[in-house]
Amino acid sequence: MTQLPPLNGLRAFDVAGRHLNFRAAAEEMGVTQGAVAQQVRQLEAHLGVKLFERLPKGLAFTAAGRGYHTLVATAFDDLRAATETLRPEPGKVLVSVTPTFAAKWLMPNLPEFSAAHPEIDLAVLATERVSRFHGDGIDLAIRQGKPPFGAALEVVRIFRQEIIAVASPALVGGHSLPLDPEALSCLPKLHDAHGLWPAFLRHLNVEDRGGRGLRLSQTALAMDAALSGQGIALVSSFLATRDIAEGRLVQVCPDTLPGEHDFYLLAERGAKRGSAVQATFDWFASKADANV
């Protein structure tokens, strides 16, 4: 009887083959890059076959490695499916998002999702940390970033990063809109971790004359401070759409600052998705800006 290869080596090979990168595989598995590389080497030694070509910027399958990976990936999919059958969680979907996206877009739109899919139990993991599909058990993720994201992911851009300046009507009540450069320069500004005010003012050719301001760790907190009249905040336009439409915030000048990091819906490419995960993926994708 043929001896089975070491399971750790097979798992490392499966993950590394999906990413074609030891570093990305290590992040997913929650181990070091060296550990992944060693496990793959041990598997190659056990088989007596070279599975990857090591390249300066990643990996490439050998002919034997490509065919073997197809079989190994299928075997792991079958194991996951068998486990799911043993302890099914029908209708449960875990999505990872940033805290600001959760507070300012997802929570206000959840009633619509629940009405469309009452059978789905949606769980939201709100974190700034980049979540791992296998390591953290997530089904979908929405992240702000810049392609490429890797061949192992299916990616849909849902919102462009278009930065606008917003404030409460009470703060700018004594000024005519759009604000003139003098008012925009002197009114208090709310700063978040993105630090976009200098670039925004340069974009408008407006001199920054300082004035008091508040520094906060998240855009959601800056928006809350703007809602309470403490200053002008810079936010992605789609996050402020509802507050602007309902009169709680106003856009103080028509100019927008294009950003480099749009918002993307991410899912594992090639993974067997249940109907609940696919329906949730499709719902998020349907919310994409018409111009993305």
Side-chain angles (χ1 to χ4, degrees), residues 11 14-15 18-19 21 23-31 76-77 80 83-84 87-114 116-117 119-161 192-194 216-223 235-236 238-239 259-289 292:
R11 180 166 179 257
D14 175 40
V15 179
R18 282 192 279 105
H19 293 283
N21 186 286
R23 178 188 54 78
E27 290 177 359
E28 177 176 322
M29 296 175 66
V31 299
F76 274 107
D77 282 341
R80 281 189 282 267
T83 305
E84 191 68 20
R87 50 179 192 186
E89 293 182 291
K92 184 175 182 180
V93 179
L94 177 60
V95 57
S96 172
V97 299
T98 64
T100 290
F101 188 92
K104 298 303 179 182
W105 190 89
L106 184 53
M107 293 302 110
N109 284 280
L110 269 184
E112 179 186 335
F113 176 83
S114 298
H117 300 287
E119 76 286 1
I120 296 178
D121 179 12
L122 188 67
V124 179
L125 175 63
T127 175
E128 297 288 359
R129 184 176 63 84
V130 177
S131 300
R132 301 186 301 271
F133 282 95
H134 290 296
D136 296 308
I138 65 170
D139 299 298
L140 304 171
I142 294 174
R143 277 293 178 269
Q144 192 175 356
K146 187 175 183 179
F149 291 95
L153 296 176
E154 181 177 352
V155 179
V156 176
R157 182 169 61 182
I158 53 175
F159 297 113
R160 289 187 183 276
Q161 186 192 24
D192 62 18
H194 297 290
L216 302 146
S217 62
Q218 295 177 357
T219 304
L221 298 177
M223 289 182 68
V235 302
S236 293
F238 78 93
L239 293 174
E260 295 183 354
H261 298 90
D262 297 332
F263 291 77
Y264 293 86
L265 170 64
L266 309 176
E268 274 194 294
R269 186 181 299 279
K272 294 181 180 178
R273 295 179 202 157
S275 59
V277 174
Q278 187 62 53
T280 305
F281 181 95
D282 293 342
W283 182 83
F284 278 113
S286 74
K287 299 304 170 186
D289 281 340
V292 302

* Asked: With sequence neighbours left out, what residues match E128 under side-chain contact (heavy atoms from CB on, under 4.5 Å)?
  -> T98, P99, Q218

* Okay, side chain of Q161, backbone of H261: is any donor-acceptor separation there less than 3.5 Å? -> yes

* Asked: How about L122 and T280: do any of their side-chain heavy atoms sit closer than 4.5 Å?
  -> yes

* Structure fact -> Smallest heavy-atom separation, A102 atom then P108 atom, equals O-CD, 4.4 Å

* Find the distance between CG (L216) and CE (M223) and round it off to the nearest 0.5 Å. => 12.5 Å

* Structure fact -> Nearest heavy-atom contact between Y264 and G145 is CE1-O, 3.4 Å

* Of the non-hydrogen atoms in A285 and I158, which two are nearest, and what is the gap between them? -> CA-CG2, 4.4 Å

* Asked: Does L94 offer a backbone N or O that forms a donor-acceptor pair with the side chain of D139 under 3.5 Å?
  -> yes

* Heavy atoms only: give me the nearest I120-A279 pair and the separation to one decimal. => CD1-CB, 4.0 Å

* **Pairwise side-chain contact, F281 with V93, heavy-atom cut-off 4.5 Å (strictly under)** => no

* Just wondering, are more than 12 heavy atoms of other shown residues or ligands nearer than 6.0 Å to NZ in K146? -> no

* To the nearest 0.5 Å, how far apart are NZ in K104 and CG in L221? -> 8.5 Å

* Within a strict 4.5 Å, meaning less than it, do heavy atoms of the K287 and N109 side chains meet? -> no

* Would you please name every residue forming a side chain to side chain donor-acceptor pair (under 3.5 Å) with T219, sequence neighbours left out? => D192

* F159-W105 aromatic ring centre distance below 6.0 Å -> yes

* To do: Check for a donor-acceptor pair, side chain of S286 on one end and backbone N or O of W283 on the other, with a separation under 3.5 Å.
  => yes

* Asked: So how far is it from R143 CZ to L266 CG, rounded to the nearest 0.5 Å?
  -> 8.5 Å

* Asked: Between F113 and F284, what is the ring plane arrangement, given parallel below 30°, perpendicular above 60°, and tilted in between?
  -> parallel

* To do: Identify the two heavy atoms, one from T127 and one from S96, that lie closest to each other, and give their separation to 0.1 Å.
  => CG2-OG, 4.0 Å

* Asked: From N21 CG over to E28 CD, what is the distance, rounded to the nearest 0.5 angstrom?
  -> 11.5 Å

